[in-house]
Amino acid sequence: MSLRVYNTLSKTKEPFEPVKPGQVGMYLCGPTVYKPSHIGHMVGPVIFDAIKRYLAYSGYQVTFVVNVTDVDDKLIAESKKRGISMPALAEEMTADYMHNLEAMGVDTIDHFPRATQCMGDIIKFIEKLVAKDFAYESDGDVYFDVEKDREYGKLSNRDVASMQGEGGGMAERKRSAIDFALWKSAKPGEPSWDSPWGKGRPGWHIECSAMSHAILGETFDIHGGGLDLVFPHHENEIAQSECCHGKPQAKYWMHNGLMQASNEVGKIGGRATREAQPGDQQAQEAGKMGKSKGASAFSELLTRHAPETIRFFLLSTHYRRPIDFSEGRIEEVHTGLEQFYRFFKRYERITGASFYEVDYPTHRAAGDFDPGDEPTLVQVAELRKRFLESMDDDFNTGGAVADLFELVRTANKYADDQKLEAKKPTDAQLAVLRQAATTLRELAATLGLFRAAPAGPQAGGDSELVGKLMELVIELRANARKTKDFATADRIRDVLGEAGVVLEDRPGGTEWTLK
RNA sequence: GGCGCCGUCGCCAAGAGGCUAAGGCAGCGGAUUGCAAAUCCGCCAUCGUGGGUUCGACUCCCACCGGCGCCUCCA
């Protein structure tokens, strides 16, 4: 079994073979930082974070780059609206983005280039395109001459001849309506940089060509982004980079599906209806709905859902599929996640050690183990194999997560059958349970899951007072149960239940958790 | 109009030319429990519709119906 990756360029799954053996360069298009990020902004980073983890686990040395677009028309407009400078706005929104990434456990990114800090690379890149006659200056602007690129349209499968292109407001400055800006001359009062063509700022696409080249080289391995970027952004990037260097920019183009608001028109954060004509009341309503409902800030979502739940939600479906977003979905997913957390507690009760402290192999080959003829271990080995096969098949995290659930069931069944909580387990029994936990940790780690106990009241954040009180109540109830005063015992449990406290009577004593 | 994607159990969601069509949520039955909770076991789908290719299709092809994306800034 070997890794296969779906390539938008070829529209097929291809065997994964990096340009340089053993090394992978990966570039993901990041956000334009003009507004707080919403959940849609987290899809790509979480997925590509998992992809990097899995590649590293598979033995590759991965360099992961995510850019931040901090100069752009939208930034200019928003900063004017708020009466702050563009850099101040970018700073604020970049910080928001970073915090959200951190919450999601996305910490594998090696470089965060920002457009404004790479102006030299960008200008050099444009100069080269002009020198090679793939671009032309026009009244302080510089445009890419699409006609010069015979391969234009190969990514998004478009035919140049039949493309309309509106030309925007710049139509008369361009040779062709489908040409796109590499450099835009500055209007008075706009943020600008000096260039051979006068003061101005880069067009949207050029920064990614310039920065990916500067960090990863002329041809790197994986270029990722949302499906909505295929055209025009990635198509234009390819045009710029490949005309500039005469080589493929990236070997594999990977695009993730977009987050969509359930039962709503359009996708989150984007314009909801395309054909909204002035006066078309209904379309405008729908557009507004999609925007206001879907695009709520991610940081706000984090106040209602645990970060790991959101991460789990994003990974429980295949990355190329669109995901319907709804709070109900997330809650449902959380219910499933709790199955893991309960097992972790059970593991700790039995072994006396935290699941999160279990040592696990960080390399694929090191995770192989000999199950012998122990049925549970045979099962664990089989599930591990299935997990790996799923991930090898274009990073099928949805299928892989299913195997994780089965792994937990297998371990629980073993603990049940062997009555590990009722009596002192033997070393052999502990070894089996440990192997199951080790494999679970090993595999989950490739998805960036279960790296640390989730924060929250159930994780030990309770006040000392509550702890003492619960200890007392549980003791009183235990006494009642001993004397078969079940009326009292049940009443205690019921009243606590109404208050959101769940009691679980186990062989080793009663445990309580907050629901 | 052009380029694409999707339609699998009540809901979400993997998969696959012939093997029992994963898993989660919800539901039902059982084991366990003083009763519960948790856990385990079992039950719960013939894959949008109609054609075609094939010895055989849910899986390939065509048409249709339904949902969606891009074609203009968007992860």
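Every value quoted in this text rests on a predicted model; they were computed, and no experiment measured them. Chain letters run A, B, ... following the sequence lines, proteins first and then strands; every chain starts at 1.
- Atoms CG (A/Leu258) and P (B/C71) sit 11 Å apart, rounded to a whole Å.
- Salt bridge annotation for A/Glu406-A/Arg409: present, with a cationic side-chain nitrogen under 4.0 angstrom from a carboxylate oxygen.
- Using a 4.0 Å heavy-atom criterion, one finds that A/Asn157 contacts the sugar-phosphate atoms exclusively.
- Among the heavy atoms of the strands lying under 4.0 Å from A/Gly225 are primed sugar atoms or P, OP1, OP2 only; no base atom is included.
- Looking at the side chain of A/Arg506, the nearest of the listed nucleotides B/A38, B/C73, B/G15 is B/A38.
- A/Asp416 comes within 4.0 angstrom of a base, heavy atoms only.
- Nucleic acid contact class of A/Gly224 (heavy atoms, under 4.0 Å, all strands): none.
- Using N1 to N3 plus N6-O4 or O6-N4 for Watson-Crick, or N1-O2 and O6-N3 for G-U wobble, each under 3.5 Å, B/A57 pairs with nothing.
- Counting atom types as modelled, A/Asp505 pairs a side-chain N or O with a base atom of B/C35 as donor and acceptor under 3.5 Å.
- Checking B/A22, B/A38, B/G24 against every side-chain atom of A/Glu406, the shortest atom distance belongs to B/A22.
- Scanning atom types as modelled, one donor and one acceptor separated by under 3.5 angstrom connect the side chain of A/Arg493 and the base of B/C35.
- Using a 4.0 Å heavy-atom distance criterion, A/Val502 is classed as a sugar-phosphate-only contact.
- Across every strand in view, B/C73 sits unpaired, with no contact that passes the Watson-Crick or G-U test at under 3.5 angstrom.
- When rounded to the nearest whole Å, the span between CZ of A/Phe405 and P of B/A26 equals 11 Å.
- Separating the CG atom of A/Asn412 from the P atom of B/G24 is a distance of 12 Å, rounded to the nearest angstrom.
- Across all strands shown, A/Thr32 has heavy atoms under 4.0 Å from sugar-phosphate atoms exclusively, and none from any base.
- Side-chain atoms of A/Glu332 and base atoms of B/G24 include a donor and an acceptor less than 3.5 Å apart.
- A/His318 comes within contact range of the sugar-phosphate backbone alone, with a heavy-atom separation under 4.0 Å but no base atom that close.
- Using a 4.0 Å heavy-atom criterion, one finds that A/Glu331 contacts no nucleic acid atom at all.
- Residue-level contact check: A/Leu503 touches the bases, meaning some heavy atom is under 4.0 Å from a base atom.
- At the heavy-atom level, A/Arg481 lies under 4.0 Å from base atoms of the strands shown.
- Within 4.0 Å of A/Phe231, counting heavy atoms only, lie sugar-phosphate atoms of the nucleic acid but no base atom.
- Between B/A75, B/C73, B/U39, one nucleotide has an atom nearer to the side chain of A/Arg342 than all others, and that is B/U39.
- Taking atom P in both B/A14 and B/C71, the straight-line distance is 25 Å, to the nearest Å.
- Residue A/Asp490 places a side-chain atom within donor-acceptor reach of the base of B/G34, judged by atom type and a 3.5 Å distance cut-off alone.
- Contact between the side-chain N/O atoms of A/Thr317 and the OP1/OP2 oxygens of B/A14 is found at a separation under 4.0 Å.
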